[in-house]
Structure formats: structure tokens, C-alpha cells
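First the structure, in the form of C-alpha cells, and then the observations on it.
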Protein chains: 2
Amino acid sequence: MTSRDVARAAGVSQATVSLVLGDKWRGRVSERTAGAVRAAAQRLEYRPNLAARSLRLGTARTVLLVVPALTNEYFARVYAGAERVAAEHGFGLVLYPSPEGVGPARDPFPSARAALDGVIASSMAAGALRAISGAAGPGAGGLPLVMLDSEPGGPGTAATVNPDLAHGMRLAVGHLAGLGHRRFAHVAAAVDSWTFRVRREVFDAEVGALAGGSAVRETSGLDVARGRDAAVRALTGPGPRPTALVCDDDLLAAGACKAVRRLGLRVPQDVSVTGFDDLSLATAVDPELTTVRLPAGEAGAAGMRALLAALAGEPAPSAELPVSLVVRGSTGPAPGVRPNG
Amino acid sequence: MTSRDVARAAGVSQATVSLVLGDKWRGRVSERTAGAVRAAAQRLEYRPNLAARSLRLGTARTVLLVVPALTNEYFARVYAGAERVAAEHGFGLVLYPSPEGVGPARDPFPSARAALDGVIASSMAAGALRAISGAAGPGAGGLPLVMLDSEPGGPGTAATVNPDLAHGMRLAVGHLAGLGHRRFAHVAAAVDSWTFRVRREVFDAEVGALAGGSAVRETSGLDVARGRDAAVRALTGPGPRPTALVCDDDLLAAGACKAVRRLGLRVPQDVSVTGFDDLSLATAVDPELTTVRLPAGEAGAAGMRALLAALAGEPAPSAELPVSLVVRGSTGPAPGVRPNG
DNA sequence: CCGCGTTAGTAATACGTATAACTTCGAGCG
DNA sequence: CGCTCGAAGTTATACGTATTACTAACGCGG
């Protein structure tokens with residue numbers, strides 16, 4: 001079914017069909033004719049050929065979202081938020097989950113796979129992004145680029161959207177300090193990303209500012225098993241045992257809880273644990289995790305809004321999104337401290 | 001950069017550029033000229049405009065994958081498997097995660113968003129699929145369709161790919177029966193999908209065939225909290241308390257474990273719990289879940305292979321994929337039964 | 001009855017690619 | 001020499017749409 005078929009069926013020219021269906025017919029086509037065209041299109045189940053449309057228009061109304069891995073629920077939520085905003089503006093959203101650990105053999109040019117108007121990328125998928133942009137320098141192969149989870153002001157970047165991680169870390173440490181904890185451990189993700197650097201720096205600053213505060217750090221890959229191992233190291237290292245484990249995300253926190261129990265201790269009576277993200281995992285484990293909720297969906301939405309603004313030639317607003325602390329069962333008063341004491 | 005720009009730079013015609021880059025120049029273009037064209041294309045970073053290509057070719061070399069929700073790790077793995085096979089064949093894969101619970105207000109025609117050659121859909125996203133195909137009858141709007149997690153032989157379906165769920169359920173019940181369990185409960189997903197119907201039927205048949213076996217069933221939405229509530233109901237209902245909870249997936253199993261503890265019982269000493277899927281969640285909880293591992297990635301890959309076969313005009317092979325039982329800490333001997341007794 | 005504006009539409013064209021059909025140039029051969 | 005044949009390209013065209021420029025018909029004031 002082409003627009004010409006519809007035209008034939010309605011007894012008009014192809015141009016008229018395009019005008020009517022494109023909603024540009026006011027004062028150019030009579031009400032009667034417009035109705036006939038719409039009826040014919042409906043009856044024939046006409047769907048415009050998007051390849052032809054974007055060829056003519058020079059725009060595909062499509063955006064690429066580059067994420068490190070779909071198996072992480074956080075990015076699934078980012079996608080959902082971005083998709084919602086895209087759909088509201090008549091844009092499509094295509095996903096490029098960068099392959100993890102399977103080597104560089106895979107198609108390095110998803111941008112060649114679809115006609116794209118712009119790119120939103122998480123800094124945690126930096127490798128994939130580099131493959132997309134090639135050696136073309138900053139930006140995503142000349143396309144407007146919005147970065148998520150990345151240091152503001154990167155070269156070739158139209159805007160940057162981040163959750164307020166510094167504030168999140170302050171909330172977590174403050175909550176634990178208020179419960180009487182002084183000996184902290186940071187179970188940190190061993191990922192070279194700005195977002196984790198921020199966590200480290202703010203953690204150090206906050207614990208350092210605490211009278212009598214002390215801290216150790218163990219780093220770990222981003223999964224439950226390695227989080228558990230890192231937490232075991234943190235709890236069995238030299239010096240007095242930490243009573244609070246601040247973890248860089250919920251997977252690590254789940255692993256940390258397992259470590260505590262493996263050492264014959266209890267959560268939260270002996271050791272308190274906090275995470276980041278507030279994934280569904282946080283309420284799947286026992287006890288449920290106290291965690292810093294990051295607005296993943298809103299991050300995707302804000303990123304998409306910024307990109308659409310950039311595409312429209314307007315200034316793209318960077319954003320720092322508010323976060324909150326969700327207190328659940330994995331944190332409690334430090335050993336030897338009375339509740340409400 | 002168009003192919004005409006490359007042609008100008010190389011001092012040849014646009015047609016020659018197309019022939020060389022399309023690898024159809026043997027015997028039609030000299031080695032020297034082909035080299036010059038390739039060099040120019042490289043230098044100018046030429047990327048063919050896919051809209052134009054698919055307009056001319058009438059094929060987009062792109063497939064749509066319709067899944068119920070990305071936040072479920074299972075489908076993230078299905079995607080990864082399908083994408084791998086697609087890339088091997090030079091196809092792109094676009095994802096349509098059907099919106100959950102946000103109503104039908106969203107764009108109902110993702111198929112109009114990209115030029116598509118075929119569709120792979122999970123039966124759990126039946127609503128979204130219906131929106132795509134419209135009232136156009138069987139198939140996905142006339143496109144070849146491969147169904148996942150669906151009863152074999154649907155109308156308009158080129159092929160069906162399923163994990164061998166019946167065998168999986170037999171493995172789970174058989175494992176528990178071998179540990180001495182006789183009083184079972186089925187924590188079932190309240191989702192109207194063939195895959196869950198199979199679980200129900202096989203569970204009933206297996207427990208029914210067991211001397212002294214008895215069973216109850218509680219149904220629940222597909223998340224941890226509702227799985228917990230259903231398990232509480234199953235454990236506190238009339239009649240003797242079940243000692244084995246067979247859950248329809250890992251999320252429900254995680255909830256069931258929480259229910260057991262909430263009632264002051266222990267996993268696995270008092271109650272054993274099994275799941276389905278083998279998500280990363282299975283090893284995030286304590287104790288780790290005994291679960292039926294479903295080959296999610298392989299399901300995506302097999303589905304894509306079947307669709308590509310259908311597109312090539314060959315018969316598309318339906319498949320039933322092997323599953324296995326992963327025994328971990330959430331199952332143990334029935335109370336009162338000696339291990340190895 | 002001429003010119004002008006308005007209404008309702010149509011013809012023509014461009015977007016960038018892939019490919020069928022054609023041209024040009026030598027070489028080989030009878 | 002005249003003819004054919006292969007090599008090496010080129011020219012022309014189609015794909016389906018959106019939009020610009022044009023046309024035809026009609027009403028109306030002067």
C-alpha cells in the first residue's frame with residue numbers, strides 16, 4: 001500500500017493524500033475530499049513507508065540510547081523514561097546495549113544500522129560509544145550527544161544529566177552516622193566511571209568530617225558474588241571491624257549482606273548495609289535494603305528532553321536530579337548504641 | 001556525505017561507488033579503481049544512508065522484538081541472544097518493550113516507527129502484539145512472525161520457540177520428591193500465558209502421580225511482594241502445611257523465602273523452595289535458590305534463526321530447548337527425613 | 001468583460017541508493 | 001579490414017514520500 005494506491009482509491013492525486021494525512025490541508029483541500037482520503041487510507045490500512053519519509057525529510061525522528069547492559073534493571077528504567085518522552089514527541093528510540101565481555105567482534109556501527117538524529121549514552125558504555133563515534137573525534141559521529149552518568153562539560157556533548165550522587169552519598173553516611181555508626185567501610189565498584197569517583201570522594205569527605213569517624217575501602221566488580229567477597233575483605237581486614245557498609249549499588253549491597261551472615265554476624269544488629277539505586281532487588285532480599293533511590297526513569301526522560309531541545313536548536317538544559325534515601329531493614333543502631341539514645 | 005560525494009572525490013560515477021562498496025564489482029571495475037573508491041570512502045567517512053537503501057531495496061534488514069518488560073532480566077537475555085544472531089547475518093534488531101500498566105495511550109504502532117522485515121514476540125506481550133498487528137488478522141500486520149513462550153501452531157505464526165517447561169517442572173518436582181517431600185504448594189503466576197498453563201498442568205500431573213502426594217496452589221502477580229503474600233497464604237491455609245514451595249519464577253521464589261521466614265520458619269530446614277529462570281537474583285538471595293535454568297539467550301537466538309529462515313523462504317524450524325535444574329541452598333530433605341536416608 | 005483574489009487541487013521534483021541497460025574502447029580473429 | 005567480444009565504466013531509472021510551484025475554476029468589483 002503506497003500513498004498512490006490510496007490516491008487512486010480516493011480519486012485524487014498522491015500529493016493530496018500526503019497533504020491530508022500529514023494534516024497540512026487546511027484551506028487547500030475541501031472537507032469532503034479530506035474525508036474521502038482518510039476513509040480510503042483507513043480501508044486500505046495504509047501505513048506510510050518510513051524509509052521514504054525520512055529520505056525525503058532528511059530526518060529519521062529516531063534516537064539511539066547506548067547503555068552498558070540491559071540485564072541491569074537500572075538501565076531498563078532509564079530506557080522506559082526516555083522512550084516515554086520520545087513517544088510523546090513522535091520520536092522512536094532504538095537501544096544499543098553494549099556487549100559485555102564478548103570482545104570487540106560485534107558490529108561496531110549500530111549507528112549505521114538505523115538512520116539516527118541523535119544519541120544518548122551512559123558513560124558506563126564508553127567503549128561502545130567510542131566504537132560508534134569512530135575516530136571522528138568528539139560527539140557521536142557528528143550527531144548531537146547527551147551524556148548520562150558523566151562528568152558535566154565533556155567535549156562535543158550537548159548536555160549532561162546526572163542524579164545528584166553527592167547528595168545521595170551524604171544522605172547515606174548521614175543516616176548511618178545518626179544511628180551512631182563511626183567505623184565505615186566503602187564497598188566500591190571497580191569501574192572507571194565519574195559516577196563512582198563522586199561516590200568515593202564524597203564518602204571520604206563525609207566520613208572524614210565525622211568526629212571519630214574511620215573508613216576502609218574495598219573495590220569489587222559490579223555483581224553480587226564479587227560484592228560479597230569485597231565485603232568479607234572489608235569485615236576481616238586489620239583494625240577494628242566496621243559496623244556500617246556503604247555499597248555503591250544494590251547488587252553489591254546484597255552481596256555485602258551475604259558476607260555479613262557468612263561471617264556469623266547479623267544485619268542490621270551487628271552490621272548495617274546501604275546500597276544505591278533502589279532496584280526491585282532491594283526488596284527481594286531479607287532484610288530489605290536501605291538504599292539511595294536514583295530516579296532512573298526521570299534520568300532517561302530528562303536526557304531525552306535535552307536531546308530533543310538540542311535537535312530543535314534550543315539550548316539543551318543539563319540537569320542534576322534529586323535523589324532520596326529509602327530506609328528499610330538493613331540499617332539499624334550501631335552496636336552498643338541505644339535506639340533514640 | 002553521499003555516495004555521489006565519494007564518487008566525485010574518487011573521480012568516478014556514483015554507480016561505480018555503489019558497485020564497489022556493495023562488493024559487486026568483480027569483472028566490472030578494475031582493481032585500481034576499486035581501491036581508489038574504497039580509499040575515498042574511508043577518507044570521507046562515508047556511511048550509506050539506510051533510509052535510501054531500504055527504500056530502493058524494499059527491505060530494511062531489521063527485525064522487531066516484542067517483549068513484555070525489560071526490567072525482567074529474562075527478556076534482557078532473550079534480547080542479547082537474538083541480537084547476536086541478527087548481527088551475524090547483518091540484521092538489526094529493534095526492541096519494543098510493551099509498556100506495563102500505563103494503559104493503551106502509548107504509540108500503538110512501533111511497526112510504523114521503523115521499516116521492518118519481521119517480528120519476534122513473546123506471548124507475554126500479547127497486548128502489544130495485538131496493537132501492532134491491528135485488526136489485520138493473523139501474523140504481525142502481514143510480516144513473518146515467530147512466537148516465543150507460546151503454544152505451538154498459532155495462526156499466522158512461522159515458528160514457535162519454547163524452553164522445555166514440562167521437563168523443567170518434572171525436574172523440580174522430581175528433585176523435591178527425591179528429598180522426601182510429599183506435601184507441595186504451587187506458587188503460580190496469575191498470568192494468562194501458555195507457559196504458565198504448562199507449569200500448572202505438569203505440576204498437577206507429577207504430584208498426582210506421587211504416592212501420598214498432595215498439593216495446593218496460590219496464584220500471584222509476577223513480583224516479589226505478591227509472591228511473598230501468595231506463599232504466606234499457601235503456608236497458612238487449611239490442611240497440613242506444605243514442606244515444598246514450587247514457584248513459577250525466581251521472583252516468586254524470592255518472595256516465598258521471605259514468607260517462610262516471616263512465619264518463623266527456615267529455608268530449607270522447614271520448607272524447601274524452587275524457582276524458574278535462574279536469574280542473577282537466584283544467587284543474590286540467602287540461601288541461594290534451587291531453580292530450573294531456562295536458556296533465555298538460546299531462546300532469543302533460536303527465534304531469530306527461525307525468523308531469518310522464514311525470511312529466506314526456507315521452512316522455519318520450531319524448537320523446544322533443553323532446560324536443567326540448578327540445585328542450590330533453598331532445597332533440602334523434607335522435615336523428618338534423614339539426608340541419604 | 002477584464003483583472004484579481006480565493007479555493008481546490010495537481011504536476012513536478014528532490015531525497016540517496018542499487019541495479020538494469022547501455023556505451024566506449026581495445027584486442028583478437030577470420 | 002570488418003566483426004565480435006570482454007572489460008570497464010556510465011547513464012538512467014525506480015523506490016515512496018513531502019512540498020513547492022503551478023493551474024483551473026469561480027466569484028466579483030470596476
Side-chain angles (χ1 to χ4, degrees), chain A residues 1-38 40-41 44-62 90 92 109 111-117 142, chain B residues 1-38 40-41 44-62 90 92 109 111-117 142:
Chain A
M1 287 303 103
T2 76
S3 60
R4 217 181 309 280
D5 295 320
V6 176
R8 220 185 326 263
V12 298
S13 74
Q14 179 267 332
T16 304
V17 172
S18 189
L19 287 172
V20 170
L21 299 182
D23 222 33
K24 307 218 147 106
W25 56 281
R26 262 150 272 267
R28 327 223 328 106
V29 177
S30 72
E31 204 79 49
R32 256 173 55 83
T33 310
V37 168
R38 271 193 291 259
L44 299 180
E45 291 182 37
Y46 167 71
R47 303 255 190 287
N49 178 324
L50 287 170
R53 171 179 289 175
S54 64
L55 179 59
R56 168 68 224 242
L57 257 36
T59 173
R61 297 185 77 77
T62 299
F109 289 119
S111 63
R113 177 109 297 128
L116 297 177
D117 295 329
Chain B
M1 287 305 102
T2 75
S3 61
R4 217 180 309 278
D5 295 320
V6 176
R8 219 182 331 261
V12 298
S13 74
Q14 178 267 332
T16 305
V17 172
S18 188
L19 287 172
V20 170
L21 299 182
D23 222 32
K24 307 218 146 103
W25 56 283
R26 263 152 272 266
R28 326 218 335 99
V29 176
S30 72
E31 204 79 50
R32 255 173 55 83
T33 309
V37 168
R38 270 194 292 259
L44 300 180
E45 291 181 37
Y46 167 70
R47 305 254 187 286
N49 179 323
L50 288 169
R53 170 179 291 175
S54 64
L55 179 59
R56 168 71 223 243
L57 257 37
T59 173
R61 296 185 77 76
T62 298
F109 289 118
S111 63
R113 176 107 303 125
L116 298 177
D117 295 328

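Note on naming: letters A, B, ... go to the chains in the order of the sequence lines (proteins, then strands), and numbering restarts at 1 for each one.
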Rounding to an integer number of Å, can you tell me how far A:Leu55 CG sits from C:dT17 P? 9 Å
Base, sugar-phosphate, or nothing: which does B:Thr2 touch, judged by heavy atoms less than 4.0 Å apart? sugar-phosphate
From C-beta outward on B:Thr16, which listed nucleotide comes closest to its side chain: D:dT17, C:dT19, D:dG9? D:dG9
Given DNA chain D, 5'-ward residue of the pair B:Arg56 and B:Val12, judged by closest heavy atom: B:Val12
Can you tell me which nucleotide in D:dT17, C:dT19, C:dA12 comes closest to the side chain of A:Ala52? D:dT17
Closest to side chain of A:Asn49, choosing from D:dT10, D:dG16, C:dT19: D:dG16
Would you say B:Thr33 reaches D:dA8's phosphate, i.e. side-chain N/O to OP1/OP2 under 4.0 Å? no
For A:Leu19 and A:Arg28 the tightest heavy-atom approach is CD1-NH2, 4.0 Å
Base, sugar-phosphate alone, or nothing: which one does B:Arg28 contact when heavy atoms must sit under 4.0 Å apart? base
What nucleic acid atoms does B:Ser30 come within less than 4.0 Å of, heavy atoms only: base, sugar-phosphate, or nothing? sugar-phosphate
Most 5' of B:Ala34 and B:Leu57 on DNA chain D, judged by nearest nucleotide: B:Ala34
Given side chains that start at C-beta, do those of B:Tyr46 and B:Arg38 come closer than 4.5 Å, heavy atoms only? no
Among the candidates D:dT17, C:dT10, C:dT17, find the nucleotide nearest to the side-chain atoms of A:Ser13. C:dT10
Start at the 5' end of DNA chain C and walk down; is the nucleotide closest to B:Ala51 or to B:Lys24 reached first? B:Ala51
Just wondering, do B:Val6 and B:Met1 contact through their side chains at under 4.5 Å, heavy atoms? no
Do A:Gln14 and C:dA11 have a side chain to base donor-acceptor pair shorter than 3.5 Å? no
Quick one: are A:Val12 and A:Val37 in side-chain contact, heavy atoms under 4.5 Å? yes
Can you find a donor-acceptor N/O pair under 3.5 angstrom joining the side chain of B:Glu31 to the base of D:dA8? no
Just call it for A:Ser54: base, sugar-phosphate, or nothing, with non-hydrogen atoms closer than 4.0 Å on any strand. nothing
